[in-house]
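Computed from a predicted model, the values in this text were never measured in an experiment. In what follows, every chain begins at residue 1, and chains take the letters A, B, ... in the order their sequences are listed.
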There are 2 protein chains.
Amino acid sequence: MDKESVQATSPKAYDQVLEYLKTLIKNKDISYGGKIPSERELMETLRISRNSVREALRILEHTGVLESRHGKGNFLVNRMGESLSSVFSMLVLMEESNYREVNQLRSVLEKQAYVQASALISEEGKEKAGAIINRMENGDLEERIRSDHELHHLVFEYSQNRLLILLTDALSEIIRSEGEVVLRQAASIDTEEWIALHKNIAICLIEGNIQEGLLALEEHYEWLERDIKM
Amino acid sequence: MDKESVQATSPKAYDQVLEYLKTLIKNKDISYGGKIPSERELMETLRISRNSVREALRILEHTGVLESRHGKGNFLVNRMGESLSSVFSMLVLMEESNYREVNQLRSVLEKQAYVQASALISEEGKEKAGAIINRMENGDLEERIRSDHELHHLVFEYSQNRLLILLTDALSEIIRSEGEVVLRQAASIDTEEWIALHKNIAICLIEGNIQEGLLALEEHYEWLERDIKM
DNA sequence: GAGTGGTCTAGACCACGGC
DNA sequence: CCGTGGTCTAGACCACTCC
C-alpha cells in the first residue's frame, strides 16, 4: 500500500511537457496560431532533454493540437478532425470496425444534424440549398459531386453542433481514402435518382418537412451501404 | 497502382517507422498482444536513430495501438477508445466543443444503438436486462449506479456496432472526468423517477417496443442535459 | 545477467524561414 | 546570419522483467 504510487502509471518525462502546455492553453497564454516555446527553451524550462521534449510534441502534433513548422517553430492549431480520422483508419486497419459501421454512424449523425438544421436554418441557408440543387441538376458530373458535398456540409453547418461536423468529416475522410468505395460511389452518383434524392433532401430542409427529409436521408445511406457492401 | 510516393508534406524519419509497423499489422505479422521489434532493433532495421524510433512509438502509443511496457517491450494493443477520449477532452479544453454537444451526441448514438439492439437482442440479453432492473430497484445507491451503467452498456453491446460502443465509451469518459457533472448526476440518479425511466427503457427493449423506448431515452438525455447546463 | 524501455549528455549537421 | 525544427552520433545510466 505504498502511498508513494500516487502516479501509479506514468511519471514519464514527456508528460511534464504535456501538462505544461495544457496549462498554458487553459490559462489562455497561447491561443490558435500562437507559437509555443521552442524545443530548446522547453528543454531548459522543464530541465529535460530535447528528445523527451520532442516525444511530447509528436504526441500533441498527432492529437491535432500542434503543428511543427520547420524553421519557424511549433504552433497551436485545430486539426483534431485529422486526428480522429487517423484513429478511425487505424480501427479499420486493425479490423476493429468496418465500412458498414462507419456508414451506419454517418447516417445517424446526419439524421440528427438534419433535425437540428431544420430548426436552425436561416433564410440565407435555404437559398443556398436551392442554389446547390440548381447546380446539381444542371452541372456536369464533377459539378454534381461538388454540390453533393456542399449539400451535406450545409446540413451539418446549420446543425450548430461542432462535434457532429468534426466526426462526420473524419468519417468521410476514411471513406474517401478507400479508392474502390469512392469509385463505386461515383458510379451511383451519376444517376437521375441520385439527384432526385438530393433534391428531395434539400426541398424538405427548405420547407421544414422533417419527416420526409429523414426518409430521403435514410434512403441515401441505404444506397451507400449497398455500394460499400460489395 | 502505387504512385511514386507523393509525400508532399512529410518525409519525416519517424514516418518510416509508422509505415513499417502498419505494414507488419496489415500482413498480420503481429496481432493483439504481440510484441513488436525492440527499439534498438527498429533503429538498425530502418537505419534511423533511436530518438526517431521513439517519436514514432509515442505517436502509436497515443493512438492506442501500442503499449510500452518497461523492461518488456512494445506490444500491440487495442486502446483506441482512450485515444478518442483524449481528443475529445482536448476539444473541450480548447473550447471547440462543450458538454451540451457531447450529450447531444451521446443521445443520438444510444438511440441508434437502441433501435439496432431491439432487433438483435437475444433471449439471454433480455434476461440480463430484467436482472439489471431488478438490481436497480432493490439495491443501494452504489448498486443503482452500477446497474445504470450496465443497462446502457447492454444496449450498445447488442447494437452490434463496435464504433458506436467505442464512441460512447469515449464520450462517457470525458463526462466522467468532469467532477461537478458527475456529482449532479449522482444526485439525480437517486430518485424514483430515474429508476422508473430506466425500467421503462429495459422493458421496452425486452418487449420490442421501440417507439416508447426511444421516448424514454429521449427523456433520459434531456434529464442529463438539464444537469449539465448549470 | 541479459534484454528492454526511459532518459540523458553534449554535442553535431542539415534545411528552412525571416531579417 | 540566426533561430528553429529534423535528425543523428555514441555513447551512458537507471529501472524493470524474466530467467
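Helix-axis bend for the helix from C:dG1-D:dC18 to C:dG18-D:dC1: the local axis fitted to the five terminal pairs at one end deviates from that at the other end by 10°, rounded to 10°.
Among residues two or more places apart in sequence or in another chain, the ring-ring contact (aromatic ring centres under 6.0 Å, His included) test is passed with A:His198 by A:His152, A:Trp194, A:His220. Not counting sequence neighbours, the partners of A:Glu101 by the salt bridge (Lys or Arg N to Asp or Glu O under 4.0 Å) test are B:Arg162. In terms of the side chain to side chain donor-acceptor pair (under 3.5 Å) criterion, A:Tyr114 has no residue partners (sequence neighbours excluded).
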Pairs of donor and acceptor atoms involving the side chains of residues 85-93 of chain B, under 3.5 Å and at least two apart or interchain, shall be tabulated with distances.
{"from": "B:Ser85", "atom 1": "OG", "to": "B:Gly81", "atom 2": "O", "distance (Å)": "3.2"}
{"from": "B:Ser86", "atom 1": "OG", "to": "B:Ser83", "atom 2": "O", "distance (Å)": "2.9"}
{"from": "B:Ser89", "atom 1": "OG", "to": "B:Ser86", "atom 2": "O", "distance (Å)": "3.4"}

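Ion pair B:Lys28/A:Glu95 flagged as a salt bridge, since at least one NZ, NE, NH1 or NH2 atom sits closer than 4.0 Å to an Asp/Glu carboxylate oxygen.
In this structure, A:Arg69 is positioned above the aromatic face of A:Phe75, its NZ or CZ under 6.0 Å from the six-membered ring centre and within 45° of the axis.
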Per-nucleotide protein contact string for nucleotides 3-10 of chain D, where B marks a base within reach and S marks sugar-phosphate only (heavy atoms under 4.0 Å, - for neither): BBBBBBB-
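Counting only heavy atoms from C-beta outward, the side chains of B:Arg54 and A:Asn51 never approach each other to under 4.5 Å.
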